[in-house]
Amino acid sequence: MMSRRRLDSRSCPPGLFGEIQTPIRTEPLDSLFEMTSELGRGKFAVVKKCVEKATGKEFAAKFLRKRRRGRDCRAEIVHEMAVLEAARNNPRVVNLHAAFETDHDIVLLLEYAAGGEIFDHCVSDEPLSERQITRLIRQMLEGVHLLHQSSVVHLDLKPQNILLTSLCPLGDIKLVDFGLARRLGTMGELREILGTPEYVAPEILNYEPITTATDLWSVGVIAYMLVVGESPFLGEDKQETFLNVSQVSVDYCKEAFSQVSELAVDFIRQLLVKSPEDRPSAAECMTHPWLWQLGPDSDPPTPGPRGERSVGKWALPPENCEDKENFLDSPYGKRVRLEEGGGPAL
Ligand code: ADP
Ligand code: MG
């Protein structure tokens, strides 16, 4: 069913994001950058750490194959560049520095996120504290909120695509991998089957309309993974994973939740709901008391008492929370001025 219904990626023309500004240069990459270690790889991309010879500055070079399965995919790569350009003012999105073309690849020179993937913290024996987790989730929501203000949906939010600027001390969030990102609203309804089953929302699997709420499901999955240390819907095989996602099969009573605060459970519970309209927006999520209970600069947390009553709704931010309109001016990070309904022009 998945492959029959999959839309050809050409059905989303890169023109949706307009012309790209970054020139695609053809001079030899090796003369300007020295490639060092491999940082990661996906199906059609390899990412390498590199140093700009002229400045000594570090970058991440993402080599994207131009031909995939016998088809020219240049348009998809240009699309990814256009999304990165559109998100240039978003401090939680990795910056696109330059682009080069070689015989087989287009190479995106990206801001280097030295702290690696938050995935490593989801599976680590030394899990992050809830205070560290809530700071990262606030930053992730800030990035997602800014994308959504520009009607951009990421559609591939997962712990492997959320990086950190540094590891020790734990740095700030940088979102990467905009290959599946789409702009909503310009071409009528968007329905596509894409993403990684473990992290995608039920509406994707059911071929129902995609909205900004689709990304919020993934935020719920990531929050779950950070606090519990395992993937909520992962089954023995793809079919089982699909079933778990579409039935929203989550057991909040299991042992793994015994150390998790009631407010954290409440946050996750409200995102992992089947109906997209019932999920809070990124802005609404930012007012959830879990994200602010410890304050941006407070001491390390003590685990929340299991008997503590859940707030049940998000409407009232705690006292130390900024008001909703200005929440991006929050004290934990950089000041970001948001225009009403604005964001960067695409
Ligand atoms: P793909 O589209 O193949 O999934 P990504 O853009 O997600 O490619 O990159 C693959 C991996 O490379 C990421 O999961 C991450 O580990 C690493 N990576 C990507 N971009 C950067 C970056 N800017 N800085 C550091 N590591 C990166
Ligand atoms: Mg990726």
Side-chain angles (χ1 to χ4, degrees), residues 9-27 29 32-33 39-40 42 44-48 50 52 55 57-66 72-102 105-113 139-140 142-157 161-163 165 172-187 190 192 194 210 212 215 282 328 334 336-339 341-346:
S9 47
R10 279 169 297 190
S11 63
C12 180
L16 273 178
F17 280 85
E19 296 289 304
I20 52 164
Q21 307 297 315
T22 309
I24 302 181
R25 299 159 59 179
T26 49
E27 62 258 55
L29 192 58
L32 301 169
F33 294 88
L39 294 167
F44 304 109
V46 182
V47 181
K48 291 179 186 169
C50 65
E52 190 170 36
T55 60
K57 262 188 89 177
E58 290 177 315
F59 290 95
K62 182 172 182 180
F63 290 73
L64 288 138
R65 279 225 308 272
K66 284 189 282 188
D72 177 12
C73 290
R74 206 173 191 277
E76 277 92 324
I77 301 169
V78 170
H79 169 81
E80 185 166 343
M81 289 176 66
V83 184
L84 285 166
E85 285 184 353
R88 189 149 266 162
N89 294 328
N90 186 333
R92 305 300 177 206
V93 170
V94 88
N95 189 44
L96 174 64
H97 175 69
F100 290 83
E101 183 155 9
T102 67
D105 300 298
I106 289 182
V107 188
L108 308 185
L109 269 298
L110 300 164
E111 173 185 1
Y112 171 51
Q139 292 191 351
M140 190 164 65
E142 178 190 343
V144 170
H145 172 72
L146 284 167
L147 290 175
H148 289 180
Q149 273 208 318
S150 314
S151 303
V152 174
V153 281
H154 186 286
L155 300 183
D156 201 15
L157 291 174
N161 289 337
I162 297 164
L163 308 185
T165 53
D172 297 322
I173 287 292
K174 291 284 171 181
L175 305 178
V176 297
D177 198 354
F178 287 78
L180 299 184
R182 297 287 184 266
R183 191 166 184 194
L184 296 175
T186 45
M187 299 270 290
L190 178 66
E192 279 188 80
L194 32 73
I210 291 168
T212 51
D215 279 342
L328 292 170
K334 208 164 162 177
V336 185
R337 207 174 100 79
L338 291 178
E339 302 298 339
L346 297 182

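Looking only at distances, no side-chain donor or acceptor of Asp215 sits under 3.5 Å from a matching main-chain atom of Val153. In terms of modelled atom types and a separation under 3.5 Å, the side chain of Thr165 and the main chain of Ala113 share no donor-acceptor contact. Side-chain N or O atoms of Asn95 include none that pairs as donor or acceptor with a backbone N or O of Glu111 at under 3.5 Å. Between the side chain of Asp105 and the main chain of Val107, no donor-acceptor pair closer than 3.5 Å is present.
Looking at residues two or more places apart in sequence or on another chain, you find a side chain to side chain donor-acceptor pair (under 3.5 Å) between Lys66 and Glu101. Here Lys62 pairs with Glu80, Asp177 under the salt bridge (charged side-chain N to carboxylate O under 4.0 Å, His left out) rule; sequence neighbours left out. Looking at residues two or more places apart in sequence or on another chain, you find a side chain to side chain donor-acceptor pair (under 3.5 Å) between Asp156 and Asn161. Partners of Tyr112 according to the ring-ring contact (aromatic ring centres under 6.0 Å, His included) rule, which considers only residues two or more places apart in sequence or in another chain, do not exist here. With sequence neighbours excluded, the residues forming a side chain to side chain donor-acceptor pair (under 3.5 Å) with Thr55 are Glu52, listed by chain and number. For Glu58, the side chain to side chain donor-acceptor pair (under 3.5 Å) partners are Lys49, not counting sequence neighbours.
Rounding to the nearest 0.5 Å gives a distance of 10.0 Å between CG of Leu110 and CE of Met81. Between the OG1 atom of Thr102 and the CZ atom of Phe63 there is a distance of 7.0 Å, given to the nearest 0.5 Å. In this structure, Leu147 CG and Arg92 CZ are separated by 12.5 Å, a value rounded to the nearest 0.5 Å. Ser151 contributes atom OG, which lies 12.0 Å from atom CG of Leu190 (distance to the nearest 0.5 angstrom). Interatomic distance, Thr26 OG1 to Phe100 CZ, rounded to the nearest 0.5 Å: 9.0 Å.
The two residues Gly179 and His79 have their closest heavy-atom pair at O-CD2, 4.2 Å. What you find for Val83 and Ala181 is that their closest heavy atoms are CG1-CB, 3.9 Å. Across all their heavy atoms, Thr22 and Ala99 have their closest contact at CG2-N, 4.0 Å. Residue Leu64 comes nearest to Ala45 through the heavy atom pair CD2-CB, 4.0 Å, listed as atom of the first residue, atom of the second, then distance. Considering every non-hydrogen atom in both Arg25 and Glu27, the closest pair reads NH2-OE2, 2.9 Å. Considering every non-hydrogen atom in both Leu184 and Thr212, the closest pair reads CD1-N, 3.7 Å.
Note: Phe59 and His97 have parallel aromatic rings, judged against thresholds of 30 and 60 degrees for the angle between ring planes.
Residues Val93 and Leu84 are in side-chain contact: their nearest non-hydrogen atoms beyond the backbone lie under 4.5 Å apart. Put simply, the side chain of Pro91 reaches to within 4.5 Å of the side chain of Glu142, judged on heavy atoms. Between Ile106 and Glu76 the shortest side-chain heavy-atom distance does not fall below 4.5 Å. His154 is not listed as a side-chain neighbour of Val176, based on a closest heavy-atom distance of 4.5 Å or more.
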(message) Under the criterion side-chain contact (heavy atoms from CB on, under 4.5 Å), I'd like the reasoning laid out for Asn89 against Leu146: C-alpha separation, chi angles, the key distance, then a yes or no.
(response) CA-CA 9 Å; Asn89 294 328; Leu146 284 167; over 6 Å; no

(message) Apply side-chain contact (heavy atoms from CB on, under 4.5 Å) to residues Ile173 and Leu175 and explain how you reach the verdict.
(response) CA-CA 7 Å; Ile173 287 292; Leu175 305 178; 4.1 Å; yes

(request) For side-chain contact (heavy atoms from CB on, under 4.5 Å), just list the numbers for Ile210 and Leu155, CA-CA rounded to whole Å, side-chain angles, deciding distance to a tenth of an Å, and then say yes or no. (result) CA-CA 9 Å; Ile210 291 168; Leu155 300 183; 3.5 Å; yes

(request) Check the pair Glu85 / Ile20 against side-chain contact (heavy atoms from CB on, under 4.5 Å), numbers first and verdict last. (result) CA-CA 7 Å; Glu85 285 184 353; Ile20 52 164; 3.7 Å; yes

